[in-house]
K.L.:
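Got a structure for you, written out below as structure tokens; questions coming shortly.
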Amino acid sequence: MNYAAFKLSRDSKNRLTLLDEIQQKNHQVLAIRAFPISAPDEGIALVDHQGNELMWIENLQDLPTESRRLIEEELTHRDFMPEIKQINSVSSFITPCIWWVETDRGDTCFTLKGEEAIRRLSLTALLITDQYGIHFLIRDRTKLNHHSAKLLDRFL
Amino acid sequence: MQDETHWCSFHYQKELALTTYEHAGVGHIELFDTQSRLSHWCYTVSEIHSAHHLIKCFNQQLNHYLKGRPKDLITDSTHDEIGFTEKVSTSIEEQTPQDTVSTWILLRLWRFAKPYKARLLIGFLLMLASTAATLVPPYLTMPLMDEVLIPYQNGNPLNVDLATYYLSGLLGAAVLAWILGWSRTYILARVSERMGADLRTTTYNHLLKLSHEYFGAKRTGDLMARIGAETDRINLFLSLHLLDFATDVIMMIMTAMILVSINPWLALITLLPLPFIAWLIHLVRDRLRTGFEKVDRVWADVNNVLADTIPGIRVVKAFAQEEREVKRFYDANQRNLEINDRVNKIWSLFTPTVTLLTEIGLLIVWIFGIWQVSENQITVGVLTAFLAYLGRFYLRLDSMSRMVSVTQKAAAGTKRIFEILDHVSRVPEPTRLIHLPNIKGRIELQHVGFRYGTRRVTHNINLIIEPGEMIGLVGHSGSGKSTLINLICRFYDVTEGAILIDGIDIRSFPIAEYRKHIGLVLQEPFLFFGTIAENIAYGKPLATRQEIVAAARAAHAHEFILKQPHGYDSLVGERGQALSGGERQRISIARALLINPRILILDEATSSVDSKTEREIQAALDNLVRGRTTIAIAHRLSTLRQANRLIVLDRGKIIEVGNHATLMAKQGYYYQLYLSQTGHADADLSSPVDSNNHESNPTKEWK
Ligand SMILES: Nc1ncnc2c1ncn2[C@@H]1O[C@H](COP(=O)(O)OP(=O)(O)OP(=O)(O)O)[C@@H](O)[C@H]1O
Ligand SMILES: [Mg+2]
């Protein structure tokens, strides 16, 4: 593993930059998760603004702490995917309807446009897309409380 | 044409030529000399082998005659050596389907009931018991009437003990019937639900094993209706109606027995309407059945319209044909209505008629019963019990007659399901299997000929592709390139000749095992509903993420995938609608590369990507192609510059073979083709292209 060739920093405008040792050139980069849902920590690409891949990180755990912190910071900014902890209520059982939920990013409400906006990721995990395209994750629906599970069940 | 009753003879002589051609299923043999056609014969295409054989023999004989030494006839070696019989499976397909469905076809469902024999038996016994239990209460009305009520009416004191005794008997019987009925329904409904599920999965399983050809001929909507709606109907029939029906029959038989045991004469009168009803059922049944079958077909039609327009919605909208499609749907529905109306007309008459008959029956029993009571032949109790039984009996009869329609529906559905199940794949699994865990990838085509139906598309193709060789197939549209690939992949079986892999006929491998060695990128890339990662890993579901990414990189799909909202976890629509044509192609290339096949087949795999991307994919493929047998088809001839050999096809025949330079030097068909593409003769492609000359990828890997 070659950590030396890997220099991540933030420039004055707080943008993530990658120093290319060979060409002695700074690239502004974006960090992108290749598998944001199925394996968030595996396969992270650093791409420039044209979408060209500059660096591929097999696993976040392999990085030096400083770089890892920078990338993680960047990723939390980019991949906003609140996780639903509890469903408080829904406006109706016929879509479109409004859901009031508690997430790990705070309480919110969103509009569910149709049943197809609820996507099964696995037997227990669900991804709900709201009307604006924001994704809400339910990591394990068997772990929801009874009330939430009952509400959710009406849509599945 | 010669006079058909007379034999003509021609002598072998110089310039005599026998030729054959065929058109639309009819073959012609013509005999020429230098000036004219001497004779002409026709044959059906099924005899094509004999015809070719004849011509072969003729030419040999002629040759020998001209040289003056006749010889024995040669035998046709190509088929005999390999020893495969042509068209193994035609027998069932060619049976004409029976026009009428017999209700007996339902018995074929027994195949699916077999695994549940034990439970079915328990269910049946429970059914007998529960039916018997429900028949106890009316029986008890007899002593209640004769021993309790009538004596009381005649002035005797009320026998409370006896009354309690009988009444508790009534209650006990009711409770028993409840318990038994519940467990019976539970057990049997579970079994039939499972049978239905088995039926559906078996049919689907069978369907997927059928050959390419079958799907070419069938409509999607029709198949979907059969597997979806019709299995459901059969399921419903099994789980609900059949159960009811069996209960009814048992109930009626038991009731009849009880009635006869109480009073044979009265019983005889009671059963009087039965023959009439049987006759009525017989009368309507046929009409209903054909009606229902029509309904099924129309239902499939409705489905067909949906299956046509929903995937083709872009075309529909682009040509502003919504109105027409709505009309088409409306028409199909209208036909549905019409046929249903017709069925309902019969039906609406049938049920009330049965009811009327039963009412009349009841009336007759009353009349006869009153007469018998007045003659003191029976007691009032007996008559009441009779009437109580009768109510049940006729009720059952009524519901049983309703069964006629459900049964006929189920029979029609069963027939259509078994049409699928009875269909044997045209690409049959061999009887003597040869397993081949690893192949080298030497492909040999020997005298390969193929026809779609009666239409002949390839003729006598002979080709040997060495392991690791890259072959480019070129030719005009419709020249049979895809067909050749279909044959190599065994989507169809050759009609003549044989295809050998590593010297073994591909017909001796298990099909699925064989196809595992082939990575195929089709002309129309197809993506399933699911994530990009799932689509890439389609041929190897257990692939690791690293493998998926590596395959995507090789197909130059990695970077555009990263641009998708969820990277590799992004959903692509049912028809991959969220992606562009070129993106879809690249994903399907990645899919083919992931399984790491010995044989890679690219049918216009890069036709929808721009030249730069194509070059990049080519560069990536060059690495992957190394050591694999590759067959690539491309209209853009520059795509095939890496090919070791180019095979030029025209109208199903190989007309030129060689690499780009030799073919250009030959100034033949390929030369023309090439010129028509580039527009100028002095192209630089004859010089080998340095494939390593691409910009070095700045990507570094962390391993
Ligand atoms: N399922 C089929 N049934 C009947 N005829 C078919 C069928 N598929 C192809 N054909 C015919 O066979 C001939 C060869 O078709 P094929 O698909 O092999 O052409 P191709 O060389 O791949 O053409 P293209 O370059 O346009 O893809 C064509 O004339 C075509 O009409
Ligand atoms: Mg083709």
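No experiment lies behind these values; they were computed from the predicted model shown. Naming: A, B, ... by sequence-line order, numbering from 1 per chain. Any value given below was found using the heavy atoms of this structure, including those in side chains, with hydrogens, waters and symmetry copies removed.
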K.L.:
The test is side chain to side chain contact (heavy atoms under 4.5 Å, CB included); show your working for A/F35 and B/V549 and say whether it passes.
P.N.:
CA-CA 10 Å; A/F35 301 91; B/V549 173; 3.9 Å; yes

K.L.:
Can you establish whether the number of heavy atoms outside A/R139 located under 6.0 Å from its atom CZ is more than 12?
P.N.:
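Atom CZ in A/R139 is not packed in, count stays at 12 or less.
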
K.L.:
In this structure, are over 12 heavy atoms from other groups packed under 6.0 Å from B/L208 atom CG?
P.N.:
yes

K.L.:
Which heavy atom of B/E559 sits nearest to which heavy atom of A/E53, and what is that distance?
P.N.:
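Nearest heavy atoms, B/E559 then A/E53: OE2-N, 2.8 Å.
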
K.L.:
What part of A/N59 is in contact with chain B, defined as an atom under 4.5 angstrom from a non-hydrogen atom: side chain, backbone, both or neither?
P.N.:
neither

K.L.:
Just wondering, more than 12 heavy atoms not from B/F560 lying within 6.0 Å of its CZ?
P.N.:
yes

K.L.:
Please report the C-alpha distance between A/I32 and B/Q564 in whole Å, then the side-chain angles of each, then the deciding distance to 0.1 Å, and finally whether the side chain to side chain contact (heavy atoms under 4.5 Å, CB included) criterion is met.
P.N.:
CA-CA 10 Å; A/I32 294 178; B/Q564 299 293 317; over 6 Å; no

K.L.:
Count the heavy-atom pairs under 4.5 Å between each of B/S570, B/G567, B/P565 and chain A, then report the option with the highest count.
P.N.:
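Maximum pair count with chain A is reached by B/G567.
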
K.L.:
Just how far is it from atom CH2 of A/W56 to atom CG of B/L562, taken to the nearest 0.5 Å?
P.N.:
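Going from CH2 on A/W56 over to CG on B/L562, the span is 6.5 Å.
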
K.L.:
With rounding to the nearest 0.5 Å, note down the distance linking OG1 in A/T129 to CG in B/L571.
P.N.:
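If we round to the nearest 0.5 Å, A/T129:OG1 and B/L571:CG are 8.0 Å apart.
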
K.L.:
Of all the residues in residues 37-45 of chain A, which have a heavy atom that comes within less than 4.5 Å of a heavy atom in chain B?
P.N.:
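Contacts with chain B: A/I37, A/S38, A/A39, A/E42, A/A45.
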
K.L.:
Please indicate whether A/H146 has more than 12 foreign heavy atoms, meaning atoms of other residues, nucleotides or ligands, lying under 6.0 Å from its NE2.
P.N.:
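Atom NE2 in A/H146 is not crowded, with 12 or fewer foreign heavy atoms closer than 6.0 Å.
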
K.L.:
Show your working on side chain to side chain contact (heavy atoms under 4.5 Å, CB included) between A/L127 and B/H566 and close with a plain yes or no.
P.N.:
CA-CA 12 Å; A/L127 188 73; B/H566 288 130; 4.0 Å; yes

K.L.:
Calculate, to the nearest 0.5 Å, the distance between atoms CZ and OG1 belonging to A/R119 and B/T531 respectively.
P.N.:
6.5 Å

K.L.:
Within a reach of under 6.0 Å around OH of B/Y538, are more than 12 heavy atoms found that belong to other residues, nucleotides or ligands?
P.N.:
no

